[in-house]
Amino acid sequence: MSITYLEAIREAQARALADDPRVYIYGQDVGAFGGAFKATKNLAQEFPGRVLNAPISEDAIIGSAVGAAIEGMRPIIEMQFADFSTVGFNQIVNQAATLFWRTQVPCPITIRLPFGGTSGSGPFHSQCIEAIYAHYPGIIVLTPATVEDAYSMLLEAVAIDDPVIFCEHKYLYYHLKADRLPTEAMPVGKARIARAGRDLTIVAYSAMVHEALAVAEELVSEGAEIEVVDLRSVKPLDTDTVIASVARTGRLLCVGEAWPWGGVTAEVIARVATEGFGLLDAPPQRLNAKDTPVPYHPNLWSTHRPTARSIAVAARNLLGL
Amino acid sequence: MSITYLEAIREAQARALADDPRVYIYGQDVGAFGGAFKATKNLAQEFPGRVLNAPISEDAIIGSAVGAAIEGMRPIIEMQFADFSTVGFNQIVNQAATLFWRTQVPCPITIRLPFGGTSGSGPFHSQCIEAIYAHYPGIIVLTPATVEDAYSMLLEAVAIDDPVIFCEHKYLYYHLKADRLPTEAMPVGKARIARAGRDLTIVAYSAMVHEALAVAEELVSEGAEIEVVDLRSVKPLDTDTVIASVARTGRLLCVGEAWPWGGVTAEVIARVATEGFGLLDAPPQRLNAKDTPVPYHPNLWSTHRPTARSIAVAARNLLGL
Amino acid sequence: MVQTAPSPAATVEAAPRRDEFVRAFRVMLLARLLDEKFASLYRAGKIHGGVFLGKGQEALSVAVGQSLCPGDIFAPLIRDQAGRLAFGETILDAVRTYMGSPLGPMRGRDGNVHRGKPREGYLPMISHLGAMISVVNGALLGRRFQGKTGAVGATCLGEGGTSTGAFHESLNQAAIERLPLVLVVADNQYAYSTPSSQQFACRALVDKAVGYGVTGHSVDGTDLEACLQTVGAAVARARAGSGPQLIVAHLLRLCGHGEHDDAGYIDPKLKQSPLGRDCLKVAEEFLLQNQWADAKSIETWRAEKIKNIEEAVAIVQREPTPDPFKEDWRALASEHLGELRSENP
Amino acid sequence: MVQTAPSPAATVEAAPRRDEFVRAFRVMLLARLLDEKFASLYRAGKIHGGVFLGKGQEALSVAVGQSLCPGDIFAPLIRDQAGRLAFGETILDAVRTYMGSPLGPMRGRDGNVHRGKPREGYLPMISHLGAMISVVNGALLGRRFQGKTGAVGATCLGEGGTSTGAFHESLNQAAIERLPLVLVVADNQYAYSTPSSQQFACRALVDKAVGYGVTGHSVDGTDLEACLQTVGAAVARARAGSGPQLIVAHLLRLCGHGEHDDAGYIDPKLKQSPLGRDCLKVAEEFLLQNQWADAKSIETWRAEKIKNIEEAVAIVQREPTPDPFKEDWRALASEHLGELRSENP
Ligand SMILES: Cc1ncc(C[n+]2csc(CCOP(=O)(O)OP(=O)(O)O)c2C)c(N)n1
Ligand SMILES: Cc1ncc(C[n+]2csc(CCOP(=O)(O)OP(=O)(O)O)c2C)c(N)n1
Ligand SMILES: [Mg+2]
Ligand SMILES: [Mg+2]
């Protein structure tokens with residue numbers, strides 16, 4: 001048996017629906033059709049009345065989730081693409097994110113954002129916008145990089161008493177497979193050492209973890225042992241694990257698929273520079289997508305985002321190879 | 001004669017309207033009433049037909065500005081409060097910001113955001129959200145800290161062929177006065193040494209510049225010479241001026257009124273750490289607002305944001321005082 | 001409760017109508033007096049930030065609050081002091097929120113009209129106009145999921161707020177899900193300084209109802225009795241399962257947008273028109289005319305309410321102000337997921 | 001242009017009508033064939049990303065494009081191949097955009113249906129539904145500021161798109177400013193898989209018009225002649241100064257949402273109903289019946305258009321693909337304000 005990242009997301013939702021009567025799913029085409037990516041395949045049939053199609057009204061979709069959460073429900077919201085969450089932005093950052101702080105009433109909603117670049121998807125179906133949510137207080141932002149995390153972190157997201165932006169990478173949907181679903185999991189908030197090493201720490205998250213791992217593998221032949229830290233959650237961000245890794249390696253490269261200004265890589269480097277300055281043997285470096293919209297043509301797209309190729313260049317530079 | 005920051009903004013708009021027939025102003029209550037803050041006072045009367053009231057439709061307000069820009073106009077859009085730009089967010093980051101890159105047709109629109117905290121304004125009338133705009137490609141984000149910059153940078157914003165988010169600080173509206181309007185100005189994109197010093201660089205922008213200057217003044221008596229860099233523009237960010245200052249002082253404290261995660265302070269520190277690592281004699285530090293919504297009560301508000309008091313504590317720590 | 005002897009005109013059938021009217025009038029009176037107190041505290045510099053009054057809108061607002069039952073959901077807006085009180089808000093909670101008391105429901109974190117108690121179905125507005133409607137929808141959906149029936153959700157908006165995308169998306173959402181939503185629009189002729197002619201171009205706002213497939217109601221917002229009847233009927237229809245109800249009330253804002261605003265832009269002709277009548281005066285005259293109350297009892301009520309307000313203000317003024325060092329500065333319910341770095345110490 | 005001899009039925013008055021119809025038909029035919037070519041390129045793996053067809057919507061779409069004049073503004077949506085061609089788009093531009101050619105108007109930066117030439121009044125959609133309407137408004141406002149009169153702006157939307165806040169805000173904005181906007185809604189019964197019953201609850205979408213104070217038109221979207229007449233009349237009204245026009249056309253999407261979608265969810269009853277008629281076939285039959293064209297000429301047209309399409313594809317396939325090293329990777333028009341740091345080298 002083998003299960004994809006996408007199937008893991010479906011399975012997590014099936015389990016959440018089965019285990020907790022407070023859970024329901026709401027989003028465009030999530031009903032009988034099973035969602036644009038089939039992440040809710042058969043769930044409407046298996047859980048009648050609990051998986052609802054929404055109109056093309058992202059603002060109202062999110063707003064209603066907050067209301068239901070106030071009444072004790074635990075909605076899972078599917079945005080058809082992360083990019084479209086910008087029209088529901090206000091309800092996320094000003095309604096959902098402030099509720100608990102203002103009233104002490106928790107707002108347990110999970111907003112699933114199919115995000116990240118895939119070839120040929122262009123400027124409006126490829127964005128990585130985790131940073132704009134992480135910037136606001138009152139929101140948790142998760143970025144699972146593995147099939148196991150897609151499953152266990154989504155289950156945990158539903159259990160968390162705060163709004164969770166669940167960034168599921170569309171590139172990983174079909175490309176990533178595991179043998180089985182996990183039975184135990186690291187908690188949200190903890191980063192993972194995806195590969196141990198002692199010469200350089202590459203901090204990455206979501207799809208970039210796999211690019212970083214490929215580089216670590218590739219550079220073995222050049223004598224470098226690269227440690228790869230998978231952040232898993234970008235807010236909260238597990239600074240301790242990152243700093244402990246840098247303490248071991250003395251060198252930091254932070255890689256993100258998002259735009260440069262104020263992204264995860266800026267936040268990670270700022271934390272390491274302020275809290276772990278003395279551990280650094282060389283200037284920390286970061287690698288982001290280019291500061292333009294995400295291009296449509298594969299030639300451009302594969303240059304716009306970091307890849308194993310460009311990460312390897314940066315890693316070699318940092319390692320003096 | 002004396003002129004406030006707010007009046008400077010009015011004067012810049014009057015001059016833009018007078019000098020360029022392509023300029024018009026559109027926003028809620030900007031017409032005969034002169035705007036919620038009176039930033040467009042008398043402009044509708046002085047420039048008939050060119051200062052239009054808008055319905056409460058931020059999405060359509062911004063979208064229409066893009067259309068007019070395509071036809072060669074240079075709209076100035078007033079958001080009543082920066083916080084409400086979140087409902088026009090999509091048109092800013094996905095429509096305006098991508099137009100030039102997609103089509104080579106420039107999108108010269110200026111979006112004025114009255115932003116920043118004032119006592120008693122609470123979670124939805126106090127936000128500093130420059131970072132969410134700066135994160136996106138295709139947008140320029142300005143944060144004038146002085147009366148002179150409010151005037152000259154707004155004029156320059158209108159002349160720039162790209163969407164400009166013009167963050168005007170509500171606290172400075174009435175608190176800041178100058179003798180006259182400037183006749184010449186530093187260009188957008190250049191940071192300013194607001195005060196020279198050799199022991200510590202404090203990088204700040206907008207209202208925080210004045211808090212930083214107060215600290216610099218205060219710490220003179222303790223023997224410290226603090227250099228204050230006013231970023232003026234947070235995107236583009238004048239890394240060269242910041243790094244040159246750090247080269248002189250060896251120490252960096254970056255202060256922002258926004259939330260911590262991925263804000264201007266993260267970006268500045270990441271840049272200095274990656275590009276000017278060797279210049280730092282001590283770990284760089286940053287100071288932001290607390291990671292909660294902006295509180296209503298003055299007691300809470302004045303603790304939530306950095307102030308001269310808290311900046312002085314951080315500065316003393318960095319200086320070993 | 002009513003202290004006058006039943007007048008000859010008051011037949012047996014009229015008694016409940018009279019009781020309802022008098023009850024509403026007394027809440028309107030309280031709301032007006034409380035608003036006036038806030039205005040005077042504002043002028044005295046005792047309130048930080050803005051003060052937003054409901055002057056001229058009390059009849060409509062009280063009708064909404066009073067038409068609801070315990071267990072219903074209510075998301076009022078900036079001009080709903082009357083509706084809030086009718087729905088059960090205490091004077092103390094209102095004063096505490098305006099003064100930023102840590103003992104109020106918002107604990108000094110949020111203020112003025114941004115207050116509520118979500119656990120009691122009383123939803124605290126965020127400032128973004130239109131944004132509360134879908135929250136009410138969701139609360140009603142939540143009830144439906146839980147098999148709880150019979151509740152209604154009401155929320156208020158100005159005519160300016162109907163221009164928001166949020167208004168549209170949420171009214172449509174309610175219509176599709178056939179939720180028991182009562183959406184009450186006070187067309188008070190202005191959105192801040194912007195006249196309705198620059199806000200919409202339809203002949204009557206209530207004409208929007210048909211485009212959503214919801215029931216539309218139109219009412220004279222200066223007439224308490226009409227408001228009670230129309231809103232009461234709409235709430236009853238929603239409760240009975242007839243889906244969303246859109247009520248548009250016509251009236252004039254009899255104050256500034258906020259207390260900082262002298263509203264010099266309001267067309268004097270409107271003030272003289274029937275729209276410009278003060279609903280509280282109209283209701284008082286109606287009371288007297290019908291002999292449902294006499295001038296003396298009204299004076300007694302007024303004195304009583306002023307006393308209640310002054311007591312509440314006195315209490316709150318003696319309360320501690322929020323202590324930043326006692327704040328946990330945590331925006332998350334999940335304590336273990338909080339971060340405390342790079343912040344203001 | 002029309003290659004058949006006038007039939008006896010075609011009176012002198014009918015000639016312009018006939019010419020218009022034939023012209024439109026030929027564009028519809030081209031659009032259908034071009035769409036089919038995109039579908040086959042997609043199946044052959046030659047197109048990256050999605051392919052979105054207008055099958056069943058050509059009559060409506062062509063009517064929009066053909067009713068506009070040079071100097072007008074047009075913001076089409078995903079199912080508007082016909083309207084784009086009628087408005088003047090070349091086959092080459094369409095193919096180049098789908099194939100990501102650097103010589104196309106979007107130069108490989110954007111693709112498929114996201115294309116246009118803003119300088120020519122042809123606005124390139126962003127994906128967010130409803131977002132183009134206010135851009136058209138603004139273009140019309142810009143013209144007004146410049147004293148340029150007589151132009152109309154048209155834009156298209158699906159019935160699903162009417163649920164967006166953007167639709168509402170922008171139609172209201174156009175109504176307030178009384179802009180010459182023609183908003184064409186294709187109610188093709190589904191938004192992706194979502195049937196209209198889960199998208200809105202009003203009896204007829206056109207009932208929304210009254211709530212905005214704009215003129216509403218309803219039309220059978222499978223009937224080319226009706227589309228030409230209704231859209232033509234609406235455009236004329238807008239041009240004459242009657243303010244925004246809302247057109248709702250009824251039809252059925254005769255393809256998947258995109259070519260990845262087999263549309264198995266479409267109710268077979270709808271396919272059999274009059275809504276399910278193929279507008280191209282209906283128009284062809286109408287042509288033949290009226291003897292405005294014979295089968296042979298239609299075949300000739302088809303062959304000619306296939307040839308044009310194949311030529312264009314052949315050209316584009318020989319064109320270079322975008323070269324990332326020739327890209328300037330700059331999102332700003334203001335070169336001096338760009339930043340090139342911390343990016344992918
Ligand atoms: C989305 C949004 N944009 C702008 C504002 C600023 N604002 C606050 S109240 C107001 C006017 C509201 O007018 P209306 O809805 O008619 O209500 P009224 O004040 O007349 O009761 C405006 C523009 C806001 N709160 N929300
Ligand atoms: C704001 C927004 N939300 C979601 C989407 C994803 N999406 C693309 S097309 C589509 C369905 C559109 O249906 P409709 O408007 O009826 O047009 P049709 O495809 O039927 O022509 C959806 C949901 C989007 N493009 N924009
Ligand atoms: Mg109003
Ligand atoms: Mg459709």
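Proteins come first, then strands; the chains are lettered A, B, ... in the order of their sequence lines, and each starts at number 1.
- For the set Ser193(D), Gly161(D), Gly258(D), the count of heavy-atom pairs under 4.5 angstrom toward chain A peaks at Ser193(D).
- To the nearest 0.5 Å, atoms CE (Met99(D)) and NE2 (His297(A)) are separated by 8.5 Å.
- Contacts between Asp261(D) and chain A at a heavy-atom distance below 4.5 Å involve the side chain alone, from C-beta outward.
- Counting heavy atoms from C-beta on, the side chains of His128(D) and Asp83(A) come closer than 4.5 Å.
- If you measure heavy-atom distances from Ser196(D) to chain A, you find no contacts under 4.5 Å at all.
- When side chains are defined from C-beta on, Thr194(D) does not count as touching Phe33(A), because their heavy atoms never get closer than 4.5 Å.
- Residue Tyr265(D) touches chain A through its side chain alone, counting heavy-atom pairs closer than 4.5 Å.
- Only the side chain of Leu129(D) comes within less than 4.5 Å of a heavy atom in chain A; its backbone stays farther off.
- In this structure, Phe167(D) and Ser57(A) have side chains that are not in contact, with every pair of non-hydrogen atoms separated by 4.5 Å or more.
- At least one side-chain heavy atom of Trp261(A) sits less than 4.5 Å from a side-chain heavy atom of Glu339(D).
- With chain A as partner, the option from Asp323(D), Asp110(D), Asn112(D) having the largest number of non-hydrogen pairs under 4.5 angstrom is Asp110(D).
- Nearest heavy-atom pair across Leu300(A) and Glu327(D) is CD2-CG, 3.5 Å.
- Looking at His260(D), there are no atoms closer than 4.5 Å to chain A (heavy atoms on both sides), in backbone or side chain.
- Heavy-atom distances place no part of Leu332(D) under 4.5 Å from chain A, backbone and side chain included.
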